[in-house]
Protein chains: 2
Amino acid sequence: MSGLRIGALAKRTGTNAPTIRYYEEIGLLRSADRQAGGQRVYSDADVKRLTFIRRCREFGFSIEQVRSLVELVQDPTQSCVHARDLAHEHLIAVRAKLAELKALERSIAAFVASCDASCAGGPGPECVILDDLSKRRIEVPSTLEGRRSTCGTCS
Amino acid sequence: MSGLRIGALAKRTGTNAPTIRYYEEIGLLRSADRQAGGQRVYSDADVKRLTFIRRCREFGFSIEQVRSLVELVQDPTQSCVHARDLAHEHLIAVRAKLAELKALERSIAAFVASCDASCAGGPGPECVILDDLSKRRIEVPSTLEGRRSTCGTCS
DNA sequence: GTACCCCCTGAAGTAACTTGAGGTTCAAGC
DNA sequence: GCTTGAACCTCAAGTTACTTCAGGGGGTAC
């Protein structure tokens, strides 16, 4: 009933206008009603649906997954357990990514630490650490443990 | 020395061939030497460089960042402290992403848990949990309490 | 009426590759 | 010497999820 135009809808949902048009184009949002001049008008239902979509996207669901969820939300014949399963599947993926990212964090932290410890400004081509990146694994030796204290700037 | 062709280089570095050609195209790898028949030949130096590039990419550096690092590794006038700073900057970004992902994990886990708790198979459009995704925040306590009964088949 | 912002469409750009089509080269077996 | 099949070549287009651009129209306030 509010009769929002695209900019207002964008503001309310934290989206931006071209993205909304894009969602319409790919059929994630219904084709919006138009004013006399051709400008899109949206209702509260649209705010709700777009909010749903954006939240799902923030959750890392792909457009196609969001499409399933949106359909599910509107199809009275489908069980919401479906959504739960989709979410659960996604949870597993997120946890895997989380583990990877943690490993990555450790590696980079080690890299920075060993730079601080043993490369105090030498030229790039002679840098031992950089050279190590060209080798199979970056596994930083345990000797680092002892040298970590030399690092002034790193936490 | 070894005279690898693209497939062998790919295998050794865990890349695939089109990606190697792509790296050449964007100037991340030098233009490879060619055999009489036009097929690319690579040396150990190329193995090393590509390994470096792949490792950096695994670290989540963008192509442009990798480009800087590669240049740095080969430019005798630049200090490797540069690389350390780039890595440190990147570490901060990774940590931020890590925090976000952790929050995400908690949210999805909560979603799945509350699905398990209160929606044992009701139809999608009436699912309280899905409905909540259309609201501003997913934090659900009081609303859930009051409307739990609306979900037809919910226990 | 005119200033100015918001809106429109269609096309192209973005990252970092991947995939496909259609043709060539290489190495091995006969 | 010939054939076969894998590996290679180039160029073009596809992928995801948008963003940016160009060139114009609509809405409203003064």
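By convention in this document, chain letters (A, B, ...) are assigned in the order of the sequence lines, proteins followed by strands, and residues within each chain are numbered from 1.
- Contacts of B/Tyr22 classified as ring-ring contact (aromatic ring centres under 6.0 Å, His included), with partners at least two apart in sequence or in another chain: none.
- Spacing between atom OH of A/Tyr42 and atom P of C/dC6 amounts to 16 Å, rounded to whole angstrom units.
- Taking only side-chain nitrogens and oxygens, A/Gln35 comes nearer than 4.0 Å to OP1 or OP2 of D/dG27.
- Take the nearest nucleotide of DNA chain C for A/Ala17 and for B/Arg5: the residue whose nucleotide is more 5' is A/Ala17.
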Quiz item: In the 5'-to-3' direction, what one-character label does each nucleotide of nucleotides 9-23 of chain C receive under the scheme B = base within less than 4.0 Å of a protein heavy atom, S = sugar-phosphate only, - = no such atom?
Solution: B------BBSB----
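- Not a single salt bridge (charged side-chain N to carboxylate O under 4.0 Å, His left out) links A/Arg5 to another residue, sequence neighbours left out.
- Rounded to an integer number of Å, the gap from CG of B/Leu4 to C1' of C/dC26 is 16 Å.
- The CD1 atom of A/Ile6 sits 12 Å away from the P atom of D/dT19 (whole-angstrom rounding).
- Salt bridge B/Arg67/B/Glu64: present, at least one basic N to carboxylate O contact under 4.0 Å.
- For B/Tyr23, there are no ring-ring contact (aromatic ring centres under 6.0 Å, His included) partners, not counting sequence neighbours.
- Between A/Gln39 atom CD and C/dC5 atom P the separation is 16 Å, expressed in whole Å.
- Remark: C1' of D/dT20 and CD of A/Glu25 are 14 Å apart, rounded to the nearest angstrom.
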List, one per line, each side-chain donor-acceptor pair under 3.5 Å for residues 24-31 of chain A, sequence neighbours excluded.
unit_1	atom_1	unit_2	atom_2	d
A/Glu24	OE1	A/Arg40	NE	2.9
A/Arg30	NE	A/Asp46	OD1	3.1
A/Arg30	NH2	A/Asp46	OD1	3.4
A/Arg30	NH2	A/Asp46	OD2	2.8

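- Taking atom CD of residue A/Glu58 and atom C1' of nucleotide D/dA17, one finds them 15 Å apart after rounding to whole Å.
- Residues that satisfy the side-chain hydrogen bond (donor to acceptor under 3.5 Å, both in side chains) test with A/Asp33, not counting sequence neighbours, are absent from this structure.
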